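Scope of the values below: all heavy atoms of this structure, side chains included, with no hydrogens, waters or symmetry mates. Just so we're clear, the structure is a prediction, and the values are computed from it rather than from any experiment. Here is how names work: the chains are called A, B, and so on, in the same order as the sequence lines, proteins then strands, and each is numbered from 1.
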2 protein chains.
Amino acid sequence: MPRRSAKSLTRQAKQARAKTTVNVIVDAAAQVLIREGYAGATTNRIAERAGVSVGSVYQYFDDKDAVFARLIDREIEAVVSIFSAGTGIPEESLMSALRRLLTVAVETWSYGPQLYRQLEHVPDDALRRRVTEAKTLLAGFIRSLLETHRAELRVRDLDVATFVVINASTGLSTNATTEMYGEPLVETTVELLERYLIA
Amino acid sequence: MPRRSAKSLTRQAKQARAKTTVNVIVDAAAQVLIREGYAGATTNRIAERAGVSVGSVYQYFDDKDAVFARLIDREIEAVVSIFSAGTGIPEESLMSALRRLLTVAVETWSYGPQLYRQLEHVPDDALRRRVTEAKTLLAGFIRSLLETHRAELRVRDLDVATFVVINASTGLSTNATTEMYGEPLVETTVELLERYLIA
DNA sequence: CAGAATTGTGAAAACTACCTCATATTACGG
DNA sequence: CCGTAATATGAGGTAGTTTTCACAATTCTG
């Protein structure tokens, strides 16, 4: 017997008012998640923070984790759009491109690395898979960027280079403090990567 | 009215059997924490994984978080012993020392950085403070190592250098795949750090 | 502006996890 | 070996969270 995916009983937001409510809830979820962690991010607290009743959350989301799924989608889309925009400029040097991408990423990343760290700890397989997919997508972008600048590269193995670029960057940015953030963070990261990739 | 700290009602392990049980429980806690995250690390699951009943957990631990506290203490001690051992060798070059520390860390760190990250998200203030203390301790070791080799260093700001060494290393190792692990990982990390710190 | 569709509410049912405790089993000392 | 202390058990009480649902309020449509 083929398992049929249960039809979602939640409504589709049709009026502008409802769409606002959905966004307010997702924003509230992000904020509560950062402040309280997953364990403290209860539906009631999210609703309270959003200024709506618990029931409204369940008007648009199947369950609690669906709210976080929506949040993840939003974040992924933001990252993807950043890196898609990066493909346009021709004749741009590798390090210039990396600096630009990192700068935009740091600036745009709406809730910063804190949210990202918390999202990785949401205990839902589907969500974790989405995060992994996003990482793969990101790796593809970086790899093709490195490929177009292969001539400048010191490192031979593009897979290793991609691995280093992504994980050194995220390693620095996810642990960024309030002191070490913004431009200094980007410059430090660029310096680290440049000395490894080129020269 | 001064708040008196409640006397612990848990027993002290007196027989060898009991000490084994305690260790089995702490190990199980680490494994479940890595697999399921804090939210999924229920007392029953930990007990099941340990092959004991829930009651046994409460024979030796005041509450759930006390298990994680013990785990944190064990991990901190492991890290401290690794890095203390690193202070002994004189006339060792900076990169040689870093390579050795990374190698031992990768080999010895019983549950790897995954556990470390999960422990950071345990929602208990006392525990979080302990994790922060451990980080500070680690940063201290790295910083003093860098300081003794200041002459070799290209980077001026030791705080920035320490930040980079710690977070680039953990960034690479936390995302290490099965292909990219062990010696290749260590060598890549060393290469990345050497080009940043020296030359 | 009436009636329908959509959106919003919050008390309470259903569920889950932590922790207790009365009891059983195992190990130790004399 | 027997009594006592130590260790182990697991069903169930309690507290807190998720989810539902009957109903209220708002917005849209003709």
For B:R143 and B:E147, what are the C-alpha separation, side-chain angles and deciding distance, and is it a salt bridge (Lys or Arg N to Asp or Glu O under 4.0 Å)?
CA-CA 6 Å; B:R143 201 184 192 283; B:E147 195 144 30; 3.7 Å; yes
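- A:R128 places a side-chain N or O within 3.5 Å of a backbone atom of A:V122 that can act as its donor or acceptor partner.
- The side-chain heavy atoms of A:Q59 and A:V22, taken from C-beta on, include no pair separated by under 4.5 Å.
- Taking a 4.0 Å limit (strictly below) on heavy-atom distances, residues 34-49 of chain B does not reach DNA chain D anywhere.
- Between A:G55 and A:K19, the residue anchored closer to the 5' end of DNA chain C is A:K19, taking for each the nucleotide with the nearest heavy atom.
- Among the nucleotides D:dA8, C:dG8, D:dT9, the one closest to the side chain of A:Y60 is C:dG8.
- Annotation: side chain of B:L137 is in contact with side chain of B:F141 (closest heavy-atom distance under 4.5 Å).
- Taking 4.5 Å as the limit, some side-chain heavy atom of A:V186 sits within range of a side-chain heavy atom of A:R99.
- Annotation: salt bridge (charged side-chain N to carboxylate O under 4.0 Å, His left out) contacts of B:E194 (sequence neighbours excluded): none.
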Could you run through nucleotides 25-30 of chain D and give me one letter per nucleotide, 5' to 3': B if any protein heavy atom sits under 4.0 Å from the base, S if only the sugar-phosphate is that close, - if neither?
-SSS--
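- Checked by atom type and distance alone, the side chain of A:H149 never pairs as donor or acceptor with a backbone atom of A:S144 at under 3.5 Å.
- Rounded to whole angstrom, the span from the CD atom of B:Q59 across to the C1' atom of D:dT9 amounts to 9 Å.
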Please list each protein N or O that sits under 3.5 Å from an N or O in nucleotides 13-15 of chain D, with the distance.
none

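- Closest to the side chain of B:K64, out of C:dC18, C:dT9, D:dT9, is C:dC18.
- Using a 4.0 Å heavy-atom cutoff across all strands shown, A:V57 reaches no nucleic acid atom at all.
- The one candidate from A:R74, A:R49, A:R70 that meets the salt bridge (charged side-chain N to carboxylate O under 4.0 Å, His left out) condition with A:D27 is A:R74.
- The A:Y58 side chain lies nearest to D:dT18 when the options are C:dG8, D:dT18, D:dA8.
- Between the CG atom of A:D65 and the P atom of C:dT16 there is a distance of 14 Å, given to the nearest Å.
- Considering only residues two or more places apart in sequence or on other chains, B:F61 meets the ring pair (Phe, Tyr, Trp, His ring centres under 6.0 Å) condition with none of them.
- Looking at the side chain of B:S53, the nearest of the listed nucleotides C:dA11, D:dT9, C:dT9 is D:dT9.
- Taking 4.0 Å as the cut-off between side-chain N and carboxylate O, A:D124 and A:K64 do not count as a salt-bridged pair.
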Donor-acceptor contacts, no H, no angles, side chain residues 36-43 of chain A, under 3.5 Å, sequence neighbours left out:
unit_1	atom_1	unit_2	atom_2	d
A:Y38	OH	A:D65	OD1	2.8
A:T42	OG1	A:R45	N	3.1

